[in-house]
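One-based numbering, in listed order, for ligands and for the atoms of each.
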Amino acid sequence: MKCHYCDDDAVYAAETDGIKVGLCEQHFQERVEELADDEGLEALREQTEIDRAE
Ligand SMILES: [Zn+2]
């Protein structure tokens, strides 16, 4: 899977509103920062942990 925002290989897969997207390390960190004050961060983190465990 490729990162949703650039051509790097995705290291995380996050599902938001039913849409699954890949994120590279850099863009994952940017998303985390964007969501830092939002409940969405917790959902993103939970989903990411599930995907990385596979
Ligand atoms: Zn990226």
Side-chain angles (χ1 to χ4, degrees):
M1 182 182 286
K2 295 290 187 182
C3 175
H4 182 67
Y5 300 99
C6 69
D7 289 331
D8 287 349
D9 288 331
V11 293
Y12 298 98
E15 188 169 346
T16 304
D17 296 332
I19 300 171
K20 196 166 189 176
V21 297
L23 297 170
C24 68
E25 184 71 40
Q26 178 183 339
H27 283 114
F28 176 76
Q29 292 296 334
E30 290 181 5
R31 291 290 293 150
V32 167
E33 290 171 9
E34 285 180 15
L35 296 171
D37 296 326
D38 192 287
E39 291 181 0
L41 175 60
E42 203 64 32
L44 178 63
R45 178 179 294 156
E46 290 176 4
Q47 184 66 40
T48 300
E49 289 176 355
I50 291 170
D51 287 344
R52 291 190 73 192
E54 289 177 353

Any chance you could measure [X], atom [atom1], to [Y], atom [atom2], to the nearest 0.5 Å?
X: Gln26; Y: Cys6; atom1: CD; atom2: SG; answer: 6.5 Å
X: His27; Y: Tyr12; atom1: NE2; atom2: OH; answer: 14.0 Å
X: Tyr5; Y: Glu30; atom1: OH; atom2: CD; answer: 9.0 Å

Requested in this report: Of all N, O or S atoms in His27, identify the one at the shortest distance from the Zn ion (ligand 1).
Outcome: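 It is ND1 of His27.
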**Report entry** Angle, SG of Cys3 through the Zn ion (ligand 1) to SG of Cys24 - 10° precision
**Finding:** 110°
**Report entry** Under 2.8 Å: N/O/S of Cys6 next to the Zn ion (ligand 1)
**Finding:** yes
Query raised in the report: Just checking, any donor-acceptor pair under 3.5 angstrom between side chains of Gln29 and Glu25?
Result: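 The answer is yes; a qualifying pair exists.
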